[in-house]
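Notes to accompany the following structure.
Whatever order the structure lists them in is the order used to number ligands and atoms, beginning at 1.
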Amino acid sequence: MSSWTYVSAIREHVGQEVTLKGWLANRRSSGKLHFLQVRDGTGTIQCVMEKKIVGDEPFDAAGALPLESSLAVSGTVREDPRSPIGFELAVTAFSVVAPAGLDYPIQKKEAGTDFLMDHRHLWLRSRRQQAILAVRAEIIRAIRDHLDSQGFTLIDAPILTPAACEGTSTLFETDYFGDKAYLTQSGQLYMEAAAMAFGRVYCFGPTFRAEKSKTRRHLTEFWMVEPEMAFVDLDGDMAIIEDLLVAVVARVLDRRREELKVVERDVSKLEAVRKPFPRMRYDEAIEVLKRAGASVEWGADFGGDEETILSRQHDSPLLVHRYPADVKAFYMKRDPQDPRLALAVDVLAPEGYGEIVGGSQREDDLAVLEASLERHKLPREAFEWYLDLRRYGTVTHSGFGIGIERTVAWICGLPHIRETIPFPRLMSRLSP
Ligand code: ATP
């Protein structure tokens with residue numbers, strides 16, 4: 001057998017005999033020719049099989065092979081301007097690895113979303129789902145590359161935690177040798193500790209929220225990158241968020257154009273993302289919303305509808321900052337200019353996508369933080385270690401969390417978050 005290669009590397013083998021291993025994605029036949037579409041995970045290539053070259057038996061076997069069977073196919077690589085990838089394979093030999101059953105559940109005809117979600121393990125093979133997950137992988141790589149190049153150190157946060165960082169209402173509880181433990185809802189507090197050791201850090205891991213929200217933007221398990229920086233205030237935080245998002249969009253446009261085409265993304269919208277991003281105080285946002293007819297009062301947090309209105313008005317992500325402290329977490333620093341406000345920022349992705357990043361400057365004063373814990377009725381003992389960070393060399397510091405799935409939904413232009421993660425966990429879905 002000739003040497004094994006991948007569809008993605010096919011251009012390096014023009015005129016050579018190679019072997020590809022993959023699955024039969026589609027087939028068209030005309031008389032003594034089969035056109036086999038072979039998918040190997042890196043791409044799909046048309047393999048042209050001629051009866052007189054491969055012989056009767058293999059030809060008939062290929063003609064009867066059910067779609068999604070696994071196979072190995074050898075042949076000569078030739079250029080073909082009509083091919084979407086520019087190349088095809090002139091088959092000289094083929095063998096079946098394992099034939100698929102005839103009842104492959106995902107057929108060409110339209111299937112409902114529930115059905116497809118029930119068959120997510122097979123749905124992943126479809127072109128569109130592959131494209132979305134390839135963009136997801138690129139976004140993750142872009143975030144890590146960007147942060148790594150900016151002097152951040154990756155610090156992993158624990159997933160099992162003894163206490164909530166914002167109260168226990170949305171936590172998944174589990175038994176921990178007779179005690180209670182919770183699945184993490186954020187690695188932030190641990191990143192604050194790490195920032196005091198490393199300066200600039202980030203964690204990247206799964207996050208769990210037992211939110212009973214059935215929206216197009218909420219998963220119960222999602223992935224978040226949480227950078228945290230010492231000696232950085234809210235303005236610095238916003239500048240770092242902006243640079244990160246610009247780098248991510250540029251990277252996807254640079255490396256994943258094909259996939260964006262598959263998901264039919266209007267890339268001009270992504271190309272319009274530019275620095276500086278618009279910035280708006282919460283106060284101004286309330287005015288904008290009122291003018292747009294929304295019934296929102298000062299003091300309320302924004303829901304999906306409000307975020308949609310605000311984020312439709314700009315080409316680049318919108319940074320809304322200085323929210324009422326009462327709707328924000330206990331660790332956020334109050335604005336010295338107006339103590340009713342928290343030095344918080346939410347980043348709303350354009351085209352109505354809404355929040356993809358939440359961040360803030362953290363309270364660095366011990367006494368203020370102690371009072372805040374009390375006001376939020378949080379158990380002081382659980383936070384003693386966190387208070388230590390203010391006892392021993394406290395500094396101005398800030399950070400943020402960027403949700404991977406919401407970022408993927410925005411960049412791919414998807415109406416719902418469920419297709420942005422390989423195996424989504426929603427309030428009503430825990431399988432496959
Ligand atoms: P929301 O108000 O939209 O529920 P949040 O304010 O609770 O979000 P943060 O705690 O600030 O969100 O989390 C930071 C980021 O994590 C969000 O901007 C978002 O991208 C992502 N995120 C938060 N909750 C979820 C969720 N349930 N599913 C998917 N992503 C989420």
Side-chain angles (χ1 to χ4, degrees), residues 136 139-140 143 157 164-172 183-189 191-192 202-228 234 237-238 240-241 244-245 248 282 285 296 300-311 317-321 323-332 342-350 352-362 376 398-412 414-429:
R136 174 188 171 100
I139 288 171
I140 292 171
I143 293 175
C165 77
E166 299 178 24
T168 53
S169 61
T170 60
L171 287 178
F172 285 105
L183 298 184
T184 182
Q185 59 180 185
S186 160
Q188 182 205 313
L189 304 191
M191 288 308 102
E192 289 187 53
Y202 68 99
C203 61
F204 172 44
T207 308
F208 307 88
R209 301 209 181 159
E211 282 169 316
K212 294 207 166 93
S213 28
K214 286 189 189 162
T215 74
R216 59 180 185 83
R217 309 181 316 142
H218 288 91
L219 294 162
T220 52
E221 176 181 308
F222 64 97
W223 289 70
M224 187 154 61
V225 175
E226 293 178 273
E228 191 73 30
L234 182 65
D237 204 22
M238 292 199 275
I240 290 168
I241 296 170
L244 175 64
L245 291 176
V248 168
Y282 171 89
V296 61
D301 202 0
F302 299 146
D305 293 346
E306 286 86 29
E307 289 180 7
T308 300
I309 296 173
L310 291 170
S311 64
L318 170 67
L319 299 155
V320 181
H321 58 97
Y323 282 75
D326 288 345
V327 298
K328 291 292 182 186
F330 81 94
Y331 50 73
M332 294 187 182
L343 293 175
V345 58
D346 279 356
V347 181
L348 312 183
Y353 276 94
E355 184 190 331
I356 53 169
V357 177
S360 69
Q361 185 173 328
R362 321 303 191 190
H376 283 82
S398 301
F400 60 93
I402 173 167
I404 296 296
E405 290 75 16
R406 289 199 194 165
T407 306
V408 176
W410 162 48
I411 289 186
C412 288
L414 308 177
H416 198 290
I417 200 168
R418 66 189 153 217
E419 290 174 42
T420 63
I421 183 163
F423 294 96
R425 297 292 174 251
L426 300 154
M427 208 182 133
S428 54
R429 178 169 296 281

In ligand 1, which numbered atoms sit nearer than 4.0 Å to a non-hydrogen atom of [X]?
X      : value
Gly358 : 11 (O), 18 (O)
Met224 : 13 (O), 14 (C), 15 (C), 16 (O)
Glu211 : 4 (O), 27 (N)
Arg209 : 5 (P), 7 (O), 9 (P), 10 (O), 12 (O), 13 (O), 23 (C), 24 (N)

Please say whether [X] places an N or O atom under 3.5 Å from an N or O atom belonging to ligand 1.
X      : result
Ile356 : yes
Gly403 : yes
Gly401 : no
Leu219 : yes

Ranking Phe222, Phe208, Phe400 by closest non-hydrogen atom to atom 24 (N) of ligand 1, top hit is Phe222

Return the option from Glu307, Glu355, Lys328 holding the heavy atom at the smallest distance from atom 17 (C) of ligand 1. Glu355

Applying a strict 4.0 Å limit to heavy atoms, is Ile417 in contact with ligand 1? yes

Between ligand 1 and Glu405, can you find any atom pair, the residue atom being a heavy atom, that is separated by under 4.0 Å? no

Determine whether the side chains of Tyr331 and Gln188 contain a donor N or O and an acceptor N or O closer than 3.5 Å. yes

Looking just at side-chain N and O atoms, do Thr207 and Glu221 make a donor-acceptor pair shorter than 3.5 Å? no

Do [Y] and [X] meet the salt-bridge criterion of a basic N to acidic O distance under 4.0 Å?
X      : Y      : value
Glu228 : Arg362 : yes
Asp346 : Lys328 : yes
Arg136 : Glu405 : yes

Just heavy atoms, cut-off under 4.0 Å: does His218 contact ligand 1 by side chain, backbone, both, or neither? both

Any donor-acceptor N/O pair, [X] side chain to [Y] backbone, under 3.5 Å:
X      : Y      : answer
Ser311 : Ala349 : yes
Arg209 : Thr170 : no
Gln361 : Leu343 : no
Arg406 : Arg217 : yes

